[in-house]
Amino acid sequence: AGIYKNKIITNDLNISKALDEIPISGQITKIHYQRFLKNYRKVFEGNYLATATRLLAMKRPDTFICLDSKNRSALCKDFGITQAGINYERYWDEIIERIYDSNWWLNPEPKNKMEQSVSDARAAFLDSLYYVE
């Protein structure tokens, strides 16, 4: 992702502004996500879902999973959603909302420090389950 790499290297302020729309703690709403996208799209026109979700997962691994070509097939299959045409809107509605509705999200109940570490990154942790080389 040459465009992505160059924008990161040059420290494009709209990327920082986009990430600033996502709170560091607490519940993230669709409004936060839409504000992120508004700034993100100033830098990356088109459907750059993989890079957007990678940034989101780095900032809030408890909420976001990077969705890319390495995990899309398995994740979409298990979530019961169509891969074709997945975009920013569908990512929130069909993936993040399902994560939010899951018992695993609502009642993590970590029993020790190691489980708490996994719980703190539980959405991004899904990538380890669905990633296929």
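Everything quoted here is computed from the prediction, not taken from an experiment.
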Original post:
Thinking salt bridges, do Arg35 and Asp20 make one under a 4.0 Å N-O criterion?
Top reply: no
Original post:
Does a side-chain N-to-carboxylate-O contact under 4.0 Å join Glu97 and Arg90?
Top reply: no
Distance from [X] atom [atom1] to [Y] atom [atom2], nearest 0.5 Å?
{"X": "Ile96", "Y": "Asp101", "atom1": "CD1", "atom2": "CG", "result": "11.5 Å"}
{"X": "Tyr91", "Y": "Ile65", "atom1": "OH", "atom2": "CD1", "result": "7.0 Å"}
{"X": "Asn47", "Y": "Arg41", "atom1": "CG", "atom2": "CZ", "result": "8.0 Å"}
{"X": "Leu19", "Y": "Leu56", "atom1": "CG", "atom2": "CG", "result": "7.0 Å"}
{"X": "Thr63", "Y": "His32", "atom1": "OG1", "atom2": "NE2", "result": "11.0 Å"}

Original post:
Are any side-chain N or O atoms of Asp127 and backbone N or O atoms of Ala57, one a donor and one an acceptor, separated by less than 3.5 Å?
Top reply: no
**OP:** For the pair Lys59 (side chain) and Ile22 (backbone), establish whether a donor and an acceptor sit closer than 3.5 Å, ignoring hydrogens and angles.
**Re:** yes
Can you hop from [X] to [Y] via hydrophobic side chains spaced under 4.5 Å?
{"X": "Leu106", "Y": "Leu126", "result": "yes"}
{"X": "Met58", "Y": "Tyr33", "result": "yes"}
{"X": "Tyr100", "Y": "Ile95", "result": "yes"}

Original post:
Just checking, any donor-acceptor pair under 3.5 angstrom between side chains of Asp120 and Gln116?
Top reply: yes
Original post:
Without hydrogens or angle criteria, can the side chains of Ser69 and Arg72 be said to hold a donor-acceptor pair below 3.5 Å?
Top reply: no
Please give me the minimum heavy-atom distance between [X] and [Y], naming the atom from each residue.
{"X": "Tyr88", "Y": "Tyr40", "result": "OH-CE2, 3.5 Å"}
{"X": "Cys76", "Y": "Gln83", "result": "CB-CG, 3.7 Å"}
{"X": "Asn71", "Y": "Cys66", "result": "ND2-O, 2.6 Å"}
{"X": "Ile86", "Y": "Ile81", "result": "CD1-CD1, 4.0 Å"}
{"X": "Ser119", "Y": "Asp62", "result": "O-CB, 4.4 Å"}
{"X": "Asn11", "Y": "Ser16", "result": "OD1-OG, 4.1 Å"}

Original post:
Considering the options Asp68, Leu67, Asn87, which one meets the side chain to side chain contact (heavy atoms under 4.5 Å, CB included) requirement together with Leu49?
Top reply: Leu67
Original post:
Can Trp92 and Ile28 be said to form a side-chain contact (heavy atoms from CB on, under 4.5 Å), step by step?
Top reply: CA-CA 11 Å; Trp92 181 271; Ile28 297 170; 4.2 Å; yes
Original post:
Is the number of heavy atoms from other residues, nucleotides or ligands under 6.0 Å of Lys42 NZ greater than 12?
Top reply: yes
Original post:
So does Glu45 have more than 12 non-hydrogen atoms from other groups sitting under 6.0 Å from CD?
Top reply: no
Is any side-chain heavy atom of [X] closer than 4.5 Å to a side-chain heavy atom of [Y]?
{"X": "Ser73", "Y": "Val132", "value": "no"}
{"X": "Val118", "Y": "Glu115", "value": "no"}
{"X": "Asp93", "Y": "Lys30", "value": "yes"}
{"X": "Leu55", "Y": "Phe64", "value": "no"}

Subject >> For Lys17, all residues meeting side chain to side chain contact (heavy atoms under 4.5 Å, CB included), sequence neighbours excluded >> reply: Asn14, Asn39
**OP:** Sorted by first residue and then second, give each ring-ring contact (aromatic ring centres under 6.0 Å, His included) pair with at least one member in residues 108-133; sequence neighbours left out.
**Re:** none
